[in-house]
Visitor: 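The structure follows.
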Amino acid sequence: MPAVSKGDGMRGLAVFISDIRNCKSKEAEIKRINKELANIRSKFKGDKALDGYSKKKYVCKLLFIFLLGHDIDFGHMEAVNLLSSNRYTEKQIGYLFISVLVNSNSELIRLINNAIKNDLASRNPTFMGLALHCIANVGSREMAEAFAGEIPKILVAGDTMDSVKQSAALCLLRLYRASPDLVPMGDWTSRVVHLLNDQHLGVVTAATSLITTLAQKNPEEFKTSVSLAVSRLSRIVTSASTDLQDYTYYFVPAPWLSVKLLRLLQCYPPPDPAVRGRLTECLETILNKAQEPPKSKKVQHSNAKNAVLFEAISLIIHHDSEPNLLVRACNQLGQFLQHRETNLRYLALESMCTLASSEFSHEAVKTHIDTVINALKTERDVSVRQRAVDLLYAMCDRSNAQQIVAEMLSYLETADYSIREEIVLKVAILAEKYAVDYTWYVDTILNLIRIAGDYVSEEVWYRVIQIVINRDDVQGYAAKTVFEALQAPACHENLVKVGGYILGEFGNLIAGDPRSSPLIQFNLLHSKFHLCSVPTRALLLSTYIKFVNLFPEVKATIQDVLRGDSQLRNADVELQQRAVEYLRLSTVASTDILATVLEEMPPFPERESSILAKLKKKKGPSTVTDLEEAKRERSVDVNGGPEPAPASTSAVSTPSPSADLLGLGAAPPAPTGPPSSAGGLLVDVFSDSASAIAPLAPGSEDNFARFVCKNNGVLFENQLLQIGLKSEFRQNLGRMFIFYGNKTSTQFLNFTPTLICADDLQANLNLQTKPVDPTVDGGAQVQQVVNIECVSDFTEAPVLNIQFRYGGTFQNVSVKLPITLNKFFQPTEMVSQDFFQRWKQLSNPQQEVQNIFKAKHPMDTEITKAKIIGFGSALLEEVDPNPANFVGAGIIHTKTTQIGCLLRLEPNLQAQMYRLTLRTSKDTVSQRLCDLLSEQF
Amino acid sequence: MFRNFKIIYRRYAGLYFCICVDVSDNNLAYLEAIHNFVEVLNEYFHNVCELDLVFNFYKVYTVVDEMFLAGEIRETSQTKVLKQLLMLQSLE
C-alpha cells in the first residue's frame, strides 16, 4: 500500500499541475499560469473569507508557479495566515512558502517571527519541528536576532523530544554560520558536547555537525568533545553490524556519523596519549575492515565502507604523526589504484597526493609509481588521468625525476588539450627542481617545446634562458642543442625565441665548428624570421646586433638585412625602431663600444621560479602539493618559532621576468602610490561649492575611525545636535539609518542634510536617500534612511553636510559618513592549508600592502579579535603557526566584482608595534583595507 | 567542480539527484546520502516515479527537511524517517 497517493488532499492543485504538464508550448503554459494567477488574486481579494483549505491550496499553487520559474509578488500574507492554523497540513504549506519565497518586508517578518515564537513555545513537537526547519532554511539575521537565545535552551532542555533536538542543533548551526555574533556562547556549550553521548544516534549525528563548526571557531571551549567523539567512534566501529539496527546501512554501522566524528577530530591535533591509543585502535579497525571480504556485493556497501575509510585516512594524514598508520593507509590506497570502480581509483589518487607530502609516507607512495604511470596511459576517464599527473608530480623527487618527467613528456603527446598547459608547467618545474645534470634540463625543455609548443607559456621559456645564463657549464651544450633543434624544417615559434636568444648570447661557443659557423647560424635563424610574429622578430633583431658584436665577419650581411625595406620601413614601429637603431649602432660605434653595449647578459638573481607561481594560480587551492613547501610549513608549525611564516616568499618583490630578459615586454606596472590623504579629498569636495559647506567638524576623523569596525553609535554631537547611526550591510548593499536629534527645546528650521560624494567616489558608490522634514521640533528626533550600493571598490568616504537655522542663526556642520570599503566584507572560513595556498597565489607585489605601526591602544588579544571580526573578515583560528598572530579572510562584494582578501596581523608586544599585511587581488583594495585597519589598533 | 564547491550527483532513470558540498567534503558519504534519500522516497511513495515528485513537491520538501537540514545530514535512519513521515501523514 503506497504511503501517499497522487496529490491527495488537494484536487485543485493536482488538476492545475496536470494542466501545466499538458501544455504544448511555452506560450500555452504562460497563458494557463496567468489565468490561474488572476483567479488566485481574485480569491484572495474577494469579500468572502477563505477557509484554511482553500488558502492552503492557492498558496501551494503559487509556490508551484514560483518553482516553475515565474515571479510571485503576492500571497505572502495568506501564507503567514496559514502559520497560525492548528492543522498540520496548513501550517506546513505556510512555512514552506515562507522558506522558499523569503520576503524582507519588515511587517511580515514581525508576523512570521511571532508565529514561529508561538510554535516554539507550543510544546507540540510537530509544530516545533516546522518552526525550527523554517528558521534553519531561512537563517536570516532577523531570525537570528529573535531566536538565537531561545534555541540553545530547547536544544539542551531535558524534556525536549529527540527529533526536536536534532532540528534545534542544526537550526542553531545555521544561525551560527550566518550570524556568529548573535549566537551567545554560554553554559549550554558544555551540555551540547555531551550530546555526543546521547542514546539516539540521530541526535548525535546532528549534534556532531554543530560541534564541529563551533569547535573550529572556539577550539578551547569544545576540547572535551575529542575524548567523547573517540569513545563514540570506538563503540560504532567495534559494534557488530546488527547492533545499531536502523543506523546500519548495508551492513556498515552508522557510516555518516562515523564520517562526521572523524571530521570533528580533524579540528584538533592528535589527542593525549590515553585517548590517542584508543583512537589509533579505531583507525586500525577501520583499516582492517577494508581488508575483510565485503559483506555484500552491493555498491552501497562498499561506498559506505570506503566513505569511512577515506575519512579515516584524512584524519591520519591530518595528524601526520603515526608512521605505521600512514604507511598502512598508503598501502590500502595502493590497492584501490587498480580497483574496478572509477570513483575509487580517482579518490585513491587524490588522497595519495596528500600522503606524498608526508615525510613518513613519501617513500611508501613512491612504490606505486608503476601503477600510477600505467593509470596515466590506460585510464579512460580524463579526470582520473589528471589526478594521476598530480600524483606523479607530488611523488617526484631526485630519485625518480628522470623517469617521471619522461613519462609525463610521452603522455603530453596524447594528453587532452585541456590539461596540456598544466602538464607543461609541471614538467618544467620538475625538470628544473631535480636537475642534477643541466644538459638533461635543457633537453627536457626543448622536448617540451617540440611536443607542445603552443602550451609552453612565456614563463617557461623565460625560465630556461635564466637558467642557461646563470650556469656556464651548460651554455655550450644549450647553444649546440638549440642549433640542432632549429634544423627542423618546421619548428615552433617558442623554439625560435629560445634559439635566437641563446645563440645571440652563446653562439660563439659553437662557432668554431664549421658546421655551425657564424654565417650558417645567422642564415638558419633568418630563414625562420619571416614566419614569426612581431615580438619574435624583434627578439631576432636583437640577436642579429649581438652577432655583429660576436662575429665581425657577418656584420656586412646583417647590416644588409637591417637596411632592407622590410626592416627599416616596417609598418610595426617597434621593429622599425630596432632596425634603425641597430643599423646606426653597428655603423657608428667602435668595436669597444659595441662590445660594452652588447656584452653578455649578467646572471639573473636567484628567485623563486615564476613557473611555480603560475601553476599555483592555475590549479587553485589545495591541489598543488609541493613536498618541500609542505615540509617547510610543517617545520615552522612544529617549532612555532618567530619566523614570519612560509607565506612571505621571496617572490614577492620579483618583477616580471619579461622586463629584464628582453627589454621589450612592458615594464611591470608600478605599484600605485599611496592614495591621496583624507585632507586632499576634502579640498576636492569643497572646491566645488566652497562657500556653502562647513569644514569637517573637529573630532570627525576620530569618530569616523571608530565606525570602521562597528555599525551603530553616535557619530557626532555638539550642544545642539546629535547624530546617531545604525547601519547594516549585506554583500554589496547596505542601509544606513541616520538619526538627527534636536537637543534643544527650540525648533530647527530649514533643516537640510546633504550627502556629498567626490567625483570619483560617485562612480563607485551609489547613495540614495529622501529629504527629511525641514522642521525638527525641540527634543525631537528625525530619521533618514540611506540606501547604499557599492558599485566598485572605493577609497574616500562621503561627507554628510547639515545646514539648519536655530534661533535665527545659521548652523552648518560637516562630518565624514563612515561608509567604508570593509563594510562590504563577507567573512570566509578556511583551514590553514587553504589559507596559505591562497596567500601564495596573491604574491604579486601589487597585491600586497604592508604597514608596520605603533600600537595606539593597549594590545589586548580579545579586543583585537573583536575588531577583526567587526572589520568584517572571518577570524581564522589555528591557521597561523604563531598563535599570537591574527589572520582573517573575506570577500569584498561590489556590484561589478568580488575581491578575495586575506589579512594577517602580527603583534610585537615588546616593541608595542604591529605589522599588518593585506593581500587581495586588487592593489587599491589592499591599500585601502590596510589603511583602514591600521587605524584601529 | 562548481565555483568553490563541488557537485556530487547520481542518476536514477531520467532523474539526476545533485548535492552541492564543500570541496573538502567526503565524496562517497554524500553519494550514499543521495541513495539513502532515494530509498526513503521510494518507500514513502511506493515505487517512486518522477510524477510522484512533481505532484507532491510539497511533501518532498518535508522528506528533505527530515533528512537534511541547514546543509547537514540530519537523520540517516530510514526507519526513523519513515516513521516520522507516516506520523505527519496521519495528521492530514
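Every heavy atom of this structure was used, including side-chain atoms; hydrogens, water molecules and symmetry mates were not. By convention in this document, chain letters (A, B, ...) are assigned in the order of the sequence lines, proteins followed by strands, and residues within each chain are numbered from 1.
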Visitor: Name the member of Leu28(B), Asp25(B), Asp22(B) that forms the most heavy-atom pairs with chain A at distances under 4.5 Å.
Guide: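 Of the candidates given, the most pairs with chain A belong to Leu28(B).
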Visitor: Side-chain contact test, heavy atoms from C-beta onward, threshold under 4.5 Å: evaluate it for Leu51(B) versus Arg21(A) and give yes or no.
Guide: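 Sidechains of Arg21(A) and Leu51(B): in contact.
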Visitor: Taking every heavy-atom pair that is under 4.5 Å apart, which of Tyr95(A), Phe64(A), Tyr249(A) has the most such pairs with chain B?
Guide: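 Between Tyr95(A), Phe64(A), Tyr249(A), the count favours Tyr249(A).
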Visitor: Whether the Ser163(A) and Gln84(B) side chains hold a donor-acceptor pair (N or O, under 3.5 Å, no angle test) is what I'd like checked.
Guide: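 Distance-only check fails for Ser163(A) and Gln84(B).
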Visitor: I need the His35(B) NE2 to Tyr250(A) OH distance, nearest 0.5 Å.
Guide: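 Here the interatomic distance stands at 3.5 Å.
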Visitor: With a 4.5 Å cut-off on heavy-atom pairs, point out which of Leu175(A), Leu67(A), Leu96(A), Thr89(A) contacts chain B the most.
Guide: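 Sorted descending by pairs with chain B, the first entry is Leu96(A).
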Visitor: Can you say whether Gln92(A) sits under 4.5 Å from chain B via the side chain, the backbone, both, or neither, judging by heavy atoms?
Guide: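 Side chain only.
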Visitor: Looking only at atom types and distance, does a side-chain atom of Glu72(B) sit under 3.5 Å from a main-chain N or O of Thr208(A), one as donor and one as acceptor?
Guide: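 Checking the backbone N and O of Thr208(A) against the side chain of Glu72(B), no donor-acceptor pair under 3.5 Å is found.
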Visitor: Closest heavy-atom contact between Tyr58(B) and Cys60(A)?
Guide: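 Minimum heavy-atom contact is CD2-SG, 3.7 Å.
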Visitor: Looking at Asp65(B) and His133(A), what are the two nearest heavy atoms and their distance?
Guide: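 Minimum heavy-atom separation between Asp65(B) and His133(A): CB-ND1, 3.4 Å.
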Visitor: Taking Leu31(B), Leu85(B), Val54(B), Leu82(B) one by one, which has the highest count of heavy-atom pairs under 4.5 Å against chain A?
Guide: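 The candidate making the most pairs under 4.5 Å is Val54(B).
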Visitor: Can you check whether Ile17(A) reaches Phe57(B) side chain to side chain, under 4.5 Å on heavy atoms?
Guide: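 The answer is yes; the side chains approach within 4.5 Å.
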Visitor: By a 4.5 Å heavy-atom criterion (distance strictly below it), what part of Leu257(A) contacts chain B: side chain, backbone, both, or neither?
Guide: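 Neither part; nothing is under 4.5 Å.
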Visitor: Pick one of side chain, backbone, both or neither for Asn137(A), based on which atoms fall under 4.5 Å of a heavy atom in chain B.
Guide: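 Just the side chain, heavy atoms under 4.5 Å.
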Visitor: Judged by atom type as modelled, is there a donor-acceptor pair below 3.5 Å linking the side chain of Arg174(A) to the main-chain atoms of Gly71(B)?
Guide: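 Checked: no pair found.
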Visitor: Which one wins on heavy-atom pair count under 4.5 Å against chain B: Ser167(A), Pro255(A), Ala206(A)?
Guide: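 So the answer, after comparing Ser167(A), Pro255(A), Ala206(A), is Ser167(A).
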Visitor: Sub-3.5 Å donor-acceptor pair from the side chain of Gln166(A) to the main-chain atoms of Arg74(B), do we have one?
Guide: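 Yes.
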Visitor: With only heavy atoms counted, which part of Val100(A) is less than 4.5 Å from chain B, the side chain, the backbone, both or neither?
Guide: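 The side chain, not the backbone.
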Visitor: Please examine the side chains of Met830(A) and Ser24(B), heavy atoms only from C-beta on, and report whether any two atoms are closer than 4.5 Å.
Guide: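 They are not in contact (no side-chain heavy atoms under 4.5 Å apart), so the answer is no.
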Visitor: Where does Asn343(A) contact chain B at under 4.5 Å (heavy atoms): side chain, backbone, both or neither?
Guide: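 For Asn343(A), the side chain is the part near chain B, not the backbone.
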Visitor: What part of Ser18(A) gets closer than 4.5 Å to chain B, counting heavy atoms only: side chain, backbone, both or neither?
Guide: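 When you check distances to chain B, atoms from both the backbone and side chain of Ser18(A) fall under 4.5 Å.
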Visitor: Give me the atom names and distance for the closest heavy-atom approach of Ala14(A) to Phe55(B).
Guide: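 Taking every non-hydrogen atom into account, O-CE2, 3.4 Å.
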Visitor: Please classify the contact between Asn26(B) and chain A as side chain, backbone, both or neither, with a heavy-atom cut-off of under 4.5 Å.
Guide: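 Both backbone and side chain.
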Visitor: Side chain from CB out, backbone as N, CA, C, O: work out which of these in His200(A) comes under 4.5 Å of a heavy atom of chain B, or both, or neither.
Guide: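 Just the side chain, heavy atoms under 4.5 Å.
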Visitor: Are side-chain heavy atoms of Glu75(B) and Tyr247(A) found at a separation under 4.5 Å?
Guide: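 A side-chain contact under 4.5 Å exists here.
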Visitor: Of all of Leu69(B), Leu91(B), Thr76(B), which one pairs up most often with chain A through heavy atoms under 4.5 Å apart?
Guide: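 Ranked by heavy-atom pairs under 4.5 Å with chain A, first place is Leu69(B).
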Visitor: Measuring heavy-atom distances to chain B, does Leu344(A) have an atom under 4.5 Å in its side chain, in its backbone, in both, or in neither?
Guide: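 The side chain, not the backbone.
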Visitor: With a 4.5 angstrom heavy-atom cut-off, could you sort out which part of Asn36(B) is near chain A: side chain, backbone, both or neither?
Guide: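 Contact with chain A: backbone and side chain both.
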Visitor: When you check the side-chain N and O atoms of Gln89(B) and Tyr88(A), is any donor under 3.5 Å from an acceptor?
Guide: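 Their side chains do not contain a donor-acceptor pair, so the 3.5 Å distance test is not met.
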Visitor: Can you give me the closest heavy-atom contact between Ala307(A) and Ala29(B), atom names plus distance?
Guide: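 Smallest interatomic distance, heavy atoms only, reads CB-N, 3.5 Å.
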